[in-house]
Amino acid sequence: MPMSPLEELRHSGSHILATAVLRLFPDAKLDIGPPTETGFYYDIDLDHKFTADDLVKIEAEMKKIADENQPFLRKEVSREEAVAIIKERGQERYKLGRLADIPEGEKISFYQNGEFMDLCAGTHVRYSSKLKAFKLLSIAGAYHRGDEKNKQLQRIYGTAFPTKEELAQYLENLELAKARDHRRLGKELQLFTFDTEDVGPGLPLWLPKGTVIIEELEKLAKETEFAAGYQRVRTPHIARESLYLTSGHLPYYADSMFPPMELSDDGKEQTQRYYLKAMNCPHHHKLFGALPRSYRDLPLRMAEYGTCYRYEQSGELLGLMRVRSMQMNDAHIYCTEEQFAAEFKAVNEMYLKYFSIFGLGKYQMRFSTHDPAKLGQKFVNEPELWKKTEDMVRQVLVESGINFVEVPNEAAFYGPKIDVQVWSAIGREFTIATNQVDFAVPRKFNLEYITPQNTKATPLCIHRAPLGTHERFIGFLIEHFAGDFPVWLAPEQVRLVPISDKQLDHGRALAARFHAEGIRVTLDEHSDKLGAKIRRAELDKVPYTLVIGQKEAEANSVSVRSRARGDEGVITADAYLAKLRTEVATRALPEKKAASPKP
RNA sequence: GCCGGCGUAGCUCAAUGGUAGAGCACCUGUUUUGUAAACAGGCGGUUGCGGGUUCGAAUCCCAUCGCCGGCUCCA
């Protein structure tokens with residue numbers, strides 16, 4: 001596959017990086033150095049631990065190599081010659097394995113620049129001097145071949161662009177992305193906090209302002225689900241071990257669950273194990289099974305914002321995006337095979353409706369299927385059901401005209417699924433929502449309904465969570481909107497700013513009125529100058545600041561300053577309230593489009 | 001969990017072996033302000049926690065917890 005010019009440049013950057021590393025550290029053993037979406041890296045095995053200082057030196061050496069204007073030369077060789085070249089260069093530790101990956105019959109090529117020669121399919125820029133705008137960014141550990149059983153190598157990341165201006169722009173964007181990092185904004189805007197000492201890592205505490213967002217999201221979900229014929233249920237946060245043995249989760253996921261609580265009843269020898277729930281489905285299955293069900297009850301749609309706990313590995317925690325306690329926009333739809341397509345389609349449509357509410361334009365639907373080689377291990381051993389349900393899902397996707405990519409070997413153990421991936425402002429990729437088919441677990445729970453023929457049948461189950469978890473979804477929204485939430489979600493919708501203390505009483509009366517209308521309003525009572533109060537409101541990212549001076553107080557009007565549009569002039573308080581009510585009720589998006597940058 | 005880096009006041013940061021400091025925030029007073037920072041004073045730290053070296057440790061060493069950048073994982 002030919003590389004794009006940018007990929008060629010970056011790939012050449014990684015070769016030049018390797019050239020420089022070998023000049024400075026001749027003992028380095030090279031593994032692999034490809035271009036990435038944002039730059040390039042090279043994986044290196046070396047006893048010496050690279051430091052930040054080393055990066056500076058390596059970068060300076062790379063600059064020299066670029067100035068040497070080395071041509072990149074391609075050389076095709078036989079497998080035997082390739083082995084000889086690798087050995088001659090003392091790079092057999094990883095490169096022989098990489099050579100073995102090249103299928104018999106395929107061309108084996110090396111690329112040479114200056115004294116450096118690397119096993120490489122290509123392609124490259126013609127001369128090293130093409131590499132003008134580049135920068136080494138970081139050092140990280142990376143397992144050889146991405147397998148944690150293998151040795152961990154040192155990975156040096158860098159990036160390169162055709163021009164210095166583009167590089168500068170990229171680096172500036174990285175800085176801008178930091179400013180909209182949800183961890184930083186969450187702290188600045190007082191949305192949530194962590195107390196890693198006494199509460200624990202990965203366990204977010206929601207401050208009142210963040211809780212407003214949670215409750216607005218739940219309101220949206222409840223309205224939407226009610227309209228779509230869902231029923232709400234509630235279940236406990238814990239269950240006995242047997243529940244997860246029945247569901248089959250325990251053998252697959254015990255490592256990801258908090259260790260069980262052992263309870264002994266009244267000093268009896270026998271103990272009971274309780275687990276914090278990591279998923280809601282088993283509880284919901286119990287609810288389905290709690291009553292006799294008829295085909296007339298189907299499709300039965302059971303919804304709950306369920307709280308789950310997952311023991312994520314410490315290194316995987318990341319702000320709100322990866323946490324150990326989470327509340328999920330969960331629901332399970334029990335239906336017949338005939339109903340499946342319509343239900344699955346309706347769920348996808350609900351996703352799209354939500355995405356338009358949040359102005360989420362850039363997303364990717366991933367259709368995850370099973371791997372036949374792993375039936376009975378990673379996936380339940382039901383080859384026919386896999387095929388049947390995967391065909392059904394694929395058909396719904398195609399019929400709905402939804403763009404998707406199909407990824408084998410990533411299904412849930414109980415059936416195929418669709419994940420919705422989005423990209424955060426920092427370019428990180430997240431699964432924000434999921435929609436899964438389950439043809440296996442209902443049977444384990446002996447879930448049945450009576451068919452029109454008075455026989456018993458097991459329903460299919462659709463697991464779906466269009467708004468994902470509060471934690472991840474809000475983390476994403478913070479970055480998506482850069483903290484400038486639409487008015488309906490904004491923790492503080494209106495800030496009243498009196499020009500002087502003389503308008504304080506009027507301000508209090510107005511605040512009380514707005515509050516009585518259900519508006520989230522505050523009054524700035526500081527005795528600062530107007531400019532300072534405006535600044536404070538801007539920094540707090542309040543969508544509307546209403547300035548009240550002598551004139552406004554007398555006319556019962558307000559001077560409206562919109563965060564998105566600036567000074568909008570004076571209107572009566574009544575007229576403003578009417579506009580605001582509409583904006584909230586329609587869940588209007590902010591006018592200044594909060595773009596979420598592409599990865 | 002693994003590799004590397006980093007933990008100083010609510011926040012952003014300074015102090016490199018010799019008395020822990022600044023700006024912002026907060027509180028008080030003065031000011032009464034027309035669309036992004038008025039002025040003055042005050043409060044605030046067992047330098048993440050625990051050991052060690054030293055006459056003396058924020059600073060050096062060990063251990064531990066946490067965070068950050070990646071890797072692995074992600075129902």
Participant: Any chance the rings of A:His11 and A:Phe40 have centres within less than 6.0 Å?
Facilitator: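 When the ring centroids of A:His11 and A:Phe40 are compared, they turn out to be at least 6.0 Å apart.
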
Participant: By the 4.0 Å heavy-atom rule, please label A:Gly531 as base, sugar-phosphate, or nothing.
Facilitator: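 If one applies the 4.0 Å heavy-atom cut-off, A:Gly531 turns out to touch the sugar-phosphate alone, with no base involved.
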
Participant: Give a yes/no on whether any side-chain N or O of A:Tyr252 is located under 4.0 angstrom from OP1 or OP2 of B:C74.
Facilitator: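 Looking at the OP1 and OP2 atoms of B:C74, neither is under 4.0 Å from any side-chain N or O of A:Tyr252.
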
Participant: Can you tell whether the side chains of A:Lys29 and A:Asp31 come within less than 4.0 Å, N to carboxylate O?
Facilitator: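 No, no charged N to carboxylate O under 4.0 Å.
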
Participant: Respond yes when some side-chain nitrogen or oxygen of A:Arg183 is under 4.0 Å from OP1 or OP2 of B:G69, and no when none is.
Facilitator: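 Indeed, a polar side-chain atom of A:Arg183 lies that close.
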
Participant: Determine, for A:Lys178 against A:Glu175, whether the closest basic-nitrogen to carboxylate-oxygen distance falls under 4.0 angstrom.
Facilitator: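 Judged by the 4.0 Å cut-off on N to carboxylate O distance, A:Lys178 and A:Glu175 do form a salt bridge.
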
Participant: Could you tell me whether A:Arg536 contacts a base, only the sugar-phosphate backbone, or nothing, with contacts defined as non-hydrogen atoms closer than 4.0 Å?
Facilitator: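 Nothing: the residue A:Arg536, judged by heavy atoms under 4.0 Å, touches no strand.
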
Participant: Measure distances between side-chain N and O atoms of A:Glu316 and base N and O atoms of B:C74, and say whether any donor-acceptor pair falls under 3.5 Å.
Facilitator: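 Checked by distance alone, the answer is no.
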
Participant: Quick one: the side chain of A:Tyr143 and the base of B:G70, do they pair up donor-acceptor inside 3.5 Å?
Facilitator: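 Check fails, no donor-acceptor contact within cut-off.
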
Participant: Considering the options A:Gln154, A:Arg93, A:Gln152, A:His144, which one meets the side chain to side chain donor-acceptor pair (under 3.5 Å) requirement together with A:Asp45?
Facilitator: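 In the set A:Gln154, A:Arg93, A:Gln152, A:His144, the residue that makes a side chain to side chain donor-acceptor pair (under 3.5 Å) with A:Asp45 is A:Arg93.
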
Participant: Look at all strands and tell whether A:Arg561 reaches a base, only sugar-phosphate, or nothing, counting heavy atoms closer than 4.0 Å.
Facilitator: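 Touches a base.
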
Participant: So what does A:Lys417 touch, heavy atoms closer than 4.0 Å: a base, only the sugar-phosphate, or nothing?
Facilitator: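 Touches sugar-phosphate only.
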
Participant: Could you say whether the aromatic ring of A:Tyr253 and the base of B:A75 stack, counting only centre distances under 5.5 Å and plane angles under 30°?
Facilitator: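 Here the ring of A:Tyr253 and the base of B:A75 are stacked, with centres under 5.5 Å and planes under 30°.
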
Participant: Name the nucleic acid region contacted by A:Thr196, choosing base, sugar-phosphate or nothing; use a 4.0 angstrom heavy-atom cut-off, strictly under.
Facilitator: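 It contacts sugar-phosphate atoms only.
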
Participant: Within 45 degrees of the ring normal and closer than 6.0 Å to the centroid, is that where the cationic atom of A:Arg495 sits relative to A:Tyr544?
Facilitator: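 The answer is no, since A:Arg495 fails at least one limit relative to A:Tyr544.
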
Participant: For a quick check of understanding: with a heavy-atom distance under 4.0 Å over all strands, which category does A:His526 fall into, base, sugar-phosphate or nothing?
Facilitator: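 Touches sugar-phosphate only.
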
Participant: If you check the A:Lys49 side chain, which of B:C71, B:C73, B:C3 turns out closest?
Facilitator: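 Of B:C71, B:C73, B:C3, B:C3 is nearest to the side chain of A:Lys49.
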
Participant: On the nucleotide B:G1, are OP1 or OP2 found under 4.0 Å from the side-chain N or O atoms that A:Ser314 carries?
Facilitator: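 Checking B:G1 against A:Ser314, a side-chain N or O does come within under 4.0 Å of OP1 or OP2.
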
Participant: Given the structure, check if the side chain of A:Arg145 and the base of B:C71 hold any donor-acceptor pair shorter than 3.5 Å.
Facilitator: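 Answer no: no donor N or O sits under 3.5 Å from an acceptor.
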
Participant: A:Leu137 near the nucleic acid: base, sugar-phosphate alone, or nothing, with a heavy-atom cut-off under 4.0 Å?
Facilitator: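 Nothing, no heavy atom under 4.0 Å.
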
